[in-house]
Each structure stands twice: as C-alpha cells, then as structure tokens.
A.B. asks: 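Would you mind keeping the following structure in view while I ask a few things?
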Amino acid sequence: MPLNYTNKISAFDEIEDSTLVQLVYVSTLTLGSRLNASIFDQVENHARNYNQQHGITGTLCYGNGHFLQCIEGEKAHVFELQQRIFADSRHKNIEVLLLQTIDNRS
C-alpha cells in the first residue's frame with residue numbers, strides 16, 4: 001500500500017531540520033485558475049522571490065492544467081513551504097510523488 005501524504009511527511013519527523021530533502025508533488029489547477037492566463041507567471045514570480053530568501057531550489061512545470069514541482073532545501077524550509085503550497089486554493093488533488101533525504105541538490 002503506498003504511503004499517503006500524511007504518512008510520507010510524518011516519516012520525516014525524526015530527521016533534523018537542517019538535513020537536505022527533496023519533495024516532488026503534482027497537483028491539478030482549479031477551474032478558476034485554469035481561466036487565469038497568467039497563473040504560471042504569477043506562481044513562478046512569487047516562488048522565485050520566496051525560494052531565494054529561504055535557500056530553496058527546484059523546478060516548477062506546468063501543462064494541461066497540472067503543476068509538477070520539485071523542491072530541494074533544508075527540511076525545515078521545505079516543509080514550511082510545502083504547507084504554504086498545499087494550502088493554496090489555486091490548485092487541488094495534491095499528491096506527493098517523492099519525499100527523500102538527499103546529499104546534494106539536483
């Protein structure tokens with residue numbers, strides 16, 4: 001049985017906040033967000049500023065009404081960002097595809 005989102009996150013409770021982690025998720029844009037032609041630019045600009053301030057790196061992809069994002073950084077910063085992203089009402093059906101500790105950023 002695959003781990004659900006809560007189990008994947010709670011599995012990292014014992015890991016130190018300064019450990020490098022990689023989080024990959026996919027989500028579906030809401031209908032309202034799909035009608036917004038500049039949604040990707042808005043998200044990308046906000047993400048770029050926030051991520052630079054918090055030492056987060058990664059990739060954001062958009063296509064066919066879906067976001068796919070890979071986020072890398074210290075566990076504490078990645079998990080704080082993950083909570084902000086997952087609470088964002090512009091998308092739904094968020095699924096964590098990968099959550100792992102890493103030695104180096106991709």
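What's counted below: heavy atoms across the whole structure, side chains too, no hydrogens, waters or symmetry copies.
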A.B. asks: Kindly assign one of parallel, tilted or perpendicular to the pair F67 and Y62, based on the angle between their ring planes and the thresholds 30° and 60°.
C.D. replies: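 Rings of F67 and Y62: tilted, 30 to 60°.
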A.B. asks: Does N45 have any side-chain hydrogen bond (donor to acceptor under 3.5 Å, both in side chains) partners at least two apart in sequence or in another chain, and if so, which?
C.D. replies: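 So N45 forms no side-chain hydrogen bond (donor to acceptor under 3.5 Å, both in side chains) with any residue.
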A.B. asks: Output a table of donor-acceptor pairs, distance under 3.5 Å, between side-chain atoms of residues 68-79 and any protein atom two or more places apart or on a different chain; print 'none' if there are none.
C.D. replies:
from, atom 1, to, atom 2, distance (Å)
Q69, OE1, Y25, OH, 2.7
E72, OE1, S106, N, 2.9
E72, OE2, Q22, NE2, 2.7
E72, OE2, S106, N, 3.3
E72, OE2, S106, OG, 3.0
K75, NZ, F12, O, 2.8
K75, NZ, I15, O, 2.7

A.B. asks: Going by the salt bridge (charged side-chain N to carboxylate O under 4.0 Å, His left out) test, which pairs reach into residues 47-64, not counting sequence neighbours?
C.D. replies: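 For residues 47-64, and leaving out neighbouring residues, the salt bridge (charged side-chain N to carboxylate O under 4.0 Å, His left out) pairs sorted by first residue read E44-R48.
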A.B. asks: If I take atom CD from residue Q100 and atom CG from residue L98, how far apart are they, to the nearest 0.5 angstrom?
C.D. replies: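 Those atoms lie 4.0 Å apart.
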A.B. asks: If you look only at distance, which donor and acceptor atoms sit under 3.5 Å apart when one is on a side chain in residues 51-60 and the other is two or more places apart or in another chain?
C.D. replies:
from, atom 1, to, atom 2, distance (Å)
N51, ND2, A47, O, 3.3
H54, ND1, Y50, O, 2.8
T57, OG1, R105, NH1, 2.9

A.B. asks: Evaluate side chain to side chain contact (heavy atoms under 4.5 Å, CB included) for I94 paired with K92, printing each intermediate quantity in order.
C.D. replies: CA-CA 5 Å; I94 300 166; K92 60 185 180 178; over 6 Å; no
A.B. asks: Nearest 0.5 Å please: distance from the CD atom of E95 over to the OG1 atom of T28.
C.D. replies: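 If we round to the nearest 0.5 Å, E95:CD and T28:OG1 are 9.5 Å apart.
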A.B. asks: Using side-chain heavy atoms (C-beta onward) and a distance below 4.5 Å, is F86 in contact with V96?
C.D. replies: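 With C-beta onward as the side chain, the pair touches.
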A.B. asks: Could you check whether any side-chain heavy atom of D103 comes within less than 4.5 Å of a side-chain heavy atom of L20, counting everything from C-beta outward?
C.D. replies: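 No, too far: nothing below the 4.5 Å cut-off.
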